[in-house]
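Remarks on the structure that follows.
Values in this document were obtained by computation on a predicted structure and should not be read as measured data.
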Amino acid sequence: MAENNPAPIASDPLTPASSASVSSAPASPTSVSLTPVSLTPVFVRLKLSLLRNGLRQSSGRAVAYIASAVIALLLAAAQLLSLFLLRGNAHAGTLVVLLTALLALGWAVMPLFFPGGDETLDPTRLVMLPLRPRPLVGALLAASLVGIGPLFTLCLAVGSAAATAQGAAAVAVSVLAVPLVLLVCVALARAVATANIRLLTSRKGRDLAVLSGLVIAVGIQVVNFGVRRLGEAGGLAALDPAARVVRWLPPASAMGAVESVSEGAYGRAVAQLLLTVAALAALLYAWQRSLVKLMTAPDGSTLAAAGPARKESVWQPGRLLPEGRTGTVMLRSLRYVWRDPKTKAAWVTSLAIGLIVPLFNALQGTGTIYFACFAAGMLGIQMYNQFGQDTSAFWMVALTISSTRDAYLELRARALALLVITLPYSAVVTVATAALLGDWRALPEALGLSFALLGAMLATGAVASARFPYSIPQDSGYKNVAPGQAGLAWISIFGGMLGAALLCAPVLALAIWVHVSGADEWAWLLLPAGAVYGALAAAGGLRLAAPRTAARLPEILTAVSKG
């Protein structure tokens, strides 16, 4: 009977099977009527289902999502109320336009630094489905409007419109401007994410996500610095020149149109609205083109290796390192810094904070050159838990340690690898801080204190690595300590930092004595004294940690392999 019921054939080969339904009208045994179904409700329901099922996986994930949603809604409500209270202020339009521009900038950069923030809308998951790009763009755009971020953006847009809308005409324009702002922000984020999806899902993309902490830290300090300067410059009036330019940039131009109508400039408002509409159309077109390329063009993993073999780099850093075990361990440690995501994240964070704290305090006029020691302190932390960064691969290192001397050489090489970065970095930060403050006389003293602190942290870090090792999970981007080892991590880091502070006490006491006794002309001696003292402290710490490391290899291996 199979020949009497042939399989139905769709008239359009690109119409997905899931997007067709059988008509309820009577059909002949040899024909079936297919009616296309809109993709938009399908994708919206899919987004809701994936969010609901994801929250059901664990109570912790559900609590985190609900907590973040509550916090975002509270912030949105506070912003909405603040903007509404700003209504009638002479500079409300300036703040609204700049706030909208910053909001759009955030939507544009978030996909680059948080590529895994919305896995449900990854277009690479749809490559094998016969979907046309144009309806797919509309469906993905509608599904993208479901979430905490779009709701937060909508609240800010509504508050911005309420702050500047004066009169019935302005309110009518704001009805158009608010959804335009939301659609442009969402389309901008999706266009950027789709255009860079090959990168964001690769190893380089994960490395790029490491920079998110740096960008956020720098951004917070820039905003803090800007607010201080804004207060000194006389308030929002200082931002009027920038706002006059930004109000012509979409999607801030949509909010600029509301203000223009309130001022009676209807022609300018129409031009600003048309700019926003044109920007939305351009983003949707670019998004569609990226989807076509993504779903039709092969990537590098499907192309055969063509062309000449890649030549090895002539410059090899390993040639600059000492021979033997020392050079091998140093090269391995430096490769961890460059290649391992967790190690790289820790280094990037330390480098950023170590630079931001002294320099931004110097720019604000509230810092001293001694804040430059913060750079040495942040980088010295990288000496703690040296074996934990090896994870389960530490057993290969443990096989090469059979005596106290082997353990000493291993620890010394790891400390030297750290010094390759920390010594010049600490010096550069200290010199830059002195240049911003104009305090060149205190430069030798600050450098000496930094070198002493760095040596003390190398010493305590080596001891802590041998006595309190802990595992660093590799299956989670947010956990830096394996379950049950949080106490070890606290003892290792904070106990070691307290020990380093005690070790630095003689150099610090010498610096205080020089200033109290009035012998400021001899302050330059703190540079060689601090450097020598730091070197001796580091060497003593390595000597003390070596026998403990050799004797506790089985315990260390068990601890670092736990996660």
Side-chain angles (χ1 to χ4, degrees), residues 79-80 83 86-87 89-112 133-134 137-138 140-142 144-145 149-150 152-196 236 238-291:
Q79 292 290 340
L80 182 62
L83 290 170
L86 198 63
R87 182 180 177 85
N89 188 284
H91 302 287
T94 296
L95 178 63
V96 161
V97 166
L98 295 177
L99 181 63
T100 305
L102 287 176
L103 189 64
L105 179 62
W107 274 93
V109 301
M110 282 302 134
L112 297 177
R134 183 171 297 178
V137 166
L140 289 175
L141 181 62
S144 300
L145 297 176
F152 182 82
T153 303
L154 179 62
C155 292
L156 287 185
V158 171
S160 299
T164 55
Q166 302 288 338
V171 173
V173 171
S174 65
V175 174
L176 296 176
V178 168
L180 276 176
V181 169
L182 177 60
L183 291 175
V184 168
C185 289
V186 175
L188 177 61
R190 293 307 167 192
V192 171
T194 304
N196 297 277
L236 293 174
L239 298 177
D240 286 341
R244 281 194 290 269
V245 176
V246 174
R247 64 170 41 98
W248 289 99
L249 302 176
S253 57
M255 288 302 161
V258 178
E259 183 185 11
S260 297
V261 171
S262 300
E263 296 174 352
Y266 297 103
R268 187 175 68 191
V270 171
Q272 289 171 325
L273 279 178
L274 290 177
L275 273 176
T276 309
V277 173
L280 178 59
L283 287 172
L284 293 177
Y285 178 74
W287 187 7
Q288 178 180 333
R289 290 293 301 271
S290 299
L291 281 175

field: Trace of the side chain to side chain contact (heavy atoms under 4.5 Å, CB included) decision for Met255 with Val181
entry: CA-CA 8 Å; Met255 288 302 161; Val181 169; 3.9 Å; yes
What are the two closest non-hydrogen atoms of [X] and [Y], and how far apart are they?
| X | Y | answer |
| --- | --- | --- |
| Pro251 | Ala104 | CD-CB, 3.5 Å |
| Ala163 | Leu83 | CB-O, 3.2 Å |
| Ala252 | Val97 | CB-O, 3.6 Å |
| Leu275 | Ser253 | CB-OG, 4.1 Å |
| Val261 | Ala170 | CG1-N, 3.4 Å |
| Arg247 | Gln272 | O-NE2, 3.4 Å |

- prompt: To the nearest 0.5 Å, how far apart are CG in Leu249 and CG in Leu105?
  reply: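 The distance works out to 11.5 Å.
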message: Just verifying a value: how many Å separate Trp287 CH2 and Leu188 CG, rounded to the nearest 0.5 Å?
response: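 The CH2 atom of Trp287 sits 11.0 Å away from the CG atom of Leu188.
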Between the side chain of [X] and the main-chain N/O of [Y], is any donor-acceptor distance below 3.5 Å?
| X | Y | value |
| --- | --- | --- |
| Arg87 | Ala162 | yes |
| Thr276 | Ala254 | yes |
| Ser262 | Thr164 | yes |

task: Starting from the C-alpha separation in whole Å, work towards a yes-or-no answer on side chain to side chain contact (heavy atoms under 4.5 Å, CB included) for Leu145 and Leu183.
output: CA-CA 8 Å; Leu145 297 176; Leu183 291 175; 4.2 Å; yes
Would you give me the side-chain donor-acceptor pairs under 3.5 Å for residues 278-286, sequence neighbours excluded?
{"unit_1": "Tyr285", "atom_1": "OH", "unit_2": "Arg289", "atom_2": "NH1", "d": "3.0"}

message: Show, in sequence, the C-alpha distance, side-chain angles and deciding distance for Ser174 and Val171, and conclude whether the side chain to side chain contact (heavy atoms under 4.5 Å, CB included) test is met.
response: CA-CA 5 Å; Ser174 65; Val171 173; 4.3 Å; yes
message: A side-chain contact here means heavy atoms from C-beta on lying under 4.5 Å apart; do Leu140 and Thr194 qualify?
response: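 No, every pair of side-chain atoms sits at 4.5 Å or beyond.
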